[in-house]
Amino acid sequence: MRRLLAIVAIILAASAAGWGQSPDALAAVREALGGESRLSAISSFSVSGSLTSYIAPGNVKNDVDIYCVLPDKFVRIMRRWMSDPSGSIRVTDYAGFNGVEPIRDIVAPGSRVPMFIATEPEPSTPTEIAAARARQAFEGHQAFVDLVLPLFATSFAGYPLRFTPAGQVDVKPGLADAIDTTAPNGFVRRLILDRSSHLPIKILWENPAPMVASMTSAVAVSSRGDVVQLRGANRLPAASPGRPPLVEWETTIAEYRVTDGVNWPHRFTTTIAGKKYQELRLDTFKINPAVDPKTFAARVPTPTRLPAR
């Protein structure tokens with residue numbers, strides 16, 4: 001009788017641990033995404049779509065092009081129109097990386113409003129320069145993980161991840177399996193997997209809320225085009241002392257469609273503390289396209305440095 005109870009206890013414990021605790025968990029996810037042989041044969045992909053940011057007082061919609069050559073080349077290019085003292089300006093935002101080189105820049109030809117304003121001294125020591133490069137690459141690394149993780153359910157050398165089974169989580173309409181992914185800087189994301197299909201359905205993590213500042217009328221421009229001051233009512237928000245509080249971020253992954261043998265999602269909706277923040281909608285993926293190496297040209301911004309007041 002005791003032996004029978006022990007066996008039952010083991011079975012119940014294994015059930016509670018869930019499928020996500022199995023060492024074959026990622027293999028099952030990759031099978032649902034298209035199979036190991038098909039995913040392993042992919043060396044590059046590209047896709048276009050739109051990214052809408054839900055930021056008060058209005059929404060901002062960007063056209064998006066994404067290019068990736070595995071394992072370590074990735075760029076997300078966003079384009080939108082904005083108004084500044086010169087009129088309507090086309091703004092192009094680059095975020096990504098090429099190996100160890102960051103790709104992070106915003107360009108707006110003809111604009112008299114600076115896209116980047118320096119808020120700290122220019123780095124001078126090797127340590128400061130390395131830290132600045134890491135910050136410049138950070139947004140590209142995050143975009144890479146948020147997209148590539150649900151597509152492949154594996155790690156790449158461009159931004160390696162450590163996978164740890166995380167049991168089960170309660171996600172409507174029921175339980176789901178979870179795997180924690182840890183980046184080289186210690187940043188943890190939790191990948192949530194549908195128990196029946198094994199497809200990724202959510203990514204959860206904690207991070208400070210983004211700082212939002214309107215630059216439309218934040219600067220005064222001289223007749224020569226020089227930035228001369230920040231207007232008092234539109235100053236950039238002052239940095240709070242200490243570490244900013246963490247809030248819950250969640251990306252819901254949906255609209256799976258089969259393209260060239262892979263079952264990939266086409267809609268990513270991100271909320272911050274339960275409030276809708278961004279929605280990425282993608283069209284048809286191109287698998288193994290030839291991508292011009294110039295697409296991944298390393299670039300970093302040249303910040304505008306305001307004169308001392």
Audit row: Phe74, Leu147, side chain to side chain contact (heavy atoms under 4.5 Å, CB included) steps and yes/no:
CA-CA 11 Å; Phe74 176 89; Leu147 179 62; 4.2 Å; yes

Side chain to side chain contact (heavy atoms under 4.5 Å, CB included) assessment of Val148 paired with Phe45:
CA-CA 10 Å; Val148 172; Phe45 67 85; 4.1 Å; yes

Check step by step if side chain to side chain contact (heavy atoms under 4.5 Å, CB included) holds for Phe268 and Gln278.
CA-CA 8 Å; Phe268 301 75; Gln278 286 184 338; over 6 Å; no

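To the nearest 0.5 Å, atoms CD1 (Ile253) and CG (Leu280) are separated by 11.0 Å. Thr181 OG1 to Phe187 CZ: the interatomic distance, rounded to the nearest 0.5 Å, is 9.0 Å. Taken from CG in Asp177 to CD1 in Ile201, the straight-line distance is 9.0 Å, to the nearest 0.5 Å. Note that CG of Asp180 is 11.0 Å distant from CZ of Phe163, once rounded to the nearest 0.5 Å. Atom CD in Glu31 sits 11.0 Å away from atom CG in Asn263 (nearest 0.5 Å). For the atom pair CZ (Arg190) and CD1 (Ile203), the distance works out to 13.0 Å, reported to the nearest 0.5 Å.
Under the 4.5 Å side-chain criterion, counting only non-hydrogen atoms from C-beta, His266 is in contact with Thr259. Side-chain atoms of Ile55 and Pro210, non-hydrogen and from C-beta on, never get closer than 4.5 Å to each other. Side-chain contact check for Val262 versus Leu33: every heavy-atom pair is 4.5 Å or farther apart.
In terms of heavy-atom proximity, Lys61 sits nearest to Arg80 at O-CB, 3.7 Å. Taking every heavy atom of both residues into account, Pro200 and Leu193 meet most closely at CA-CD2, 3.9 Å. Considering all non-hydrogen atoms of both residues, Val47 and Thr284 come closest at CG2-O, 3.9 Å. Nearest heavy atoms, Ser196 versus Asp194: OG-OD2, 2.6 Å. Residue Pro71 comes nearest to Phe144 through the heavy atom pair O-CZ, 4.2 Å, listed as atom of the first residue, atom of the second, then distance. Between Thr271 and Gly274, the shortest heavy-atom contact is CB-C, 4.0 Å.
Under the 4.5 Å side-chain heavy-atom criterion for grouping Ile, Leu, Val, Met, Phe, Trp and Tyr, Leu26 is not connected to Leu204 through any hydrophobic cluster. Placement of Leu39 and Leu161 within a single hydrophobic cluster is found when ILVMFWY residues are connected by side-chain heavy-atom separations under 4.5 Å, directly or transitively. With hydrophobic clusters built from ILVMFWY side chains whose heavy atoms lie under 4.5 angstrom apart, Leu70 shares a cluster with Leu149. Clustering ILVMFWY residues whenever any of their side-chain heavy atoms sit less than 4.5 angstrom apart, transitively, puts Leu151 in a cluster other than the one holding Ile192. Using a 4.5 Å cut-off between side-chain heavy atoms of Ile, Leu, Val, Met, Phe, Trp and Tyr, with links allowed through other members, Tyr256 and Ile287 fall into the same hydrophobic cluster.
Under the rule for a ring pair (Phe, Tyr, Trp, His ring centres under 6.0 Å), the partners of Phe152 that lie at least two apart in sequence or sit in another chain are Phe156, Trp264. With sequence neighbours excluded, no residue satisfies side chain to side chain donor-acceptor pair (under 3.5 Å) with Asn207. With sequence neighbours left out, Ser46 forms a side chain to side chain donor-acceptor pair (under 3.5 Å) with no residue at all. The ring pair (Phe, Tyr, Trp, His ring centres under 6.0 Å) test applied to His141 returns Phe97, Tyr159, not counting sequence neighbours. Under the salt bridge (charged side-chain N to carboxylate O under 4.0 Å, His left out) criterion, Glu279 pairs with Arg267, Lys276, Arg281, not counting sequence neighbours. Under the side chain to side chain donor-acceptor pair (under 3.5 Å) criterion, Asp72 pairs with no residue, sequence neighbours left out. Residues passing the side chain to side chain contact (heavy atoms under 4.5 Å, CB included) test with Glu139 are Arg76, Ala95, Arg104, sequence neighbours excluded. For Ser37, there are no side chain to side chain donor-acceptor pair (under 3.5 Å) partners two or more places apart in sequence or in a different chain. Partners of Arg162 according to the side chain to side chain contact (heavy atoms under 4.5 Å, CB included) rule, which considers only residues two or more places apart in sequence or in another chain, are Thr164, Thr182. Contacts of Arg79 classified as side chain to side chain contact (heavy atoms under 4.5 Å, CB included), with partners at least two apart in sequence or in another chain: Asp65, Ile77, Arg90, Thr92. Remark: Ala32 pairs with His198, Leu199 by the side chain to side chain contact (heavy atoms under 4.5 Å, CB included) rule, at least two apart or across chains.
Glu101 places no side-chain N or O within donor-acceptor distance of the main-chain N or O of Asn98, the cut-off being under 3.5 Å. A distance-only check finds no donor-acceptor pair linking the side chain of Tyr67 to the backbone of Lys73 [under 3.5 Å]. For Asn62 (side chain) and Val64 (main-chain N/O), no donor-acceptor pair under 3.5 Å exists by modelled atom type. Looking only at distances, a side-chain donor or acceptor of Ser44 sits under 3.5 Å from a matching main-chain atom of Pro289.
By the 6.0 Å contact criterion, CD on Glu206 is enclosed, its count of non-hydrogen atoms from other residues, nucleotides or ligands being greater than 12.
Taking the charged nitrogens against the carboxylate oxygens, Asp260 and Arg38 do have a contact shorter than 4.0 Å, which makes a salt bridge.
Sorted by first and then second residue, the side chain to side chain donor-acceptor pair (under 3.5 Å) pairs involving residues 145-157 (not counting sequence neighbours) are Asp146-Arg189.
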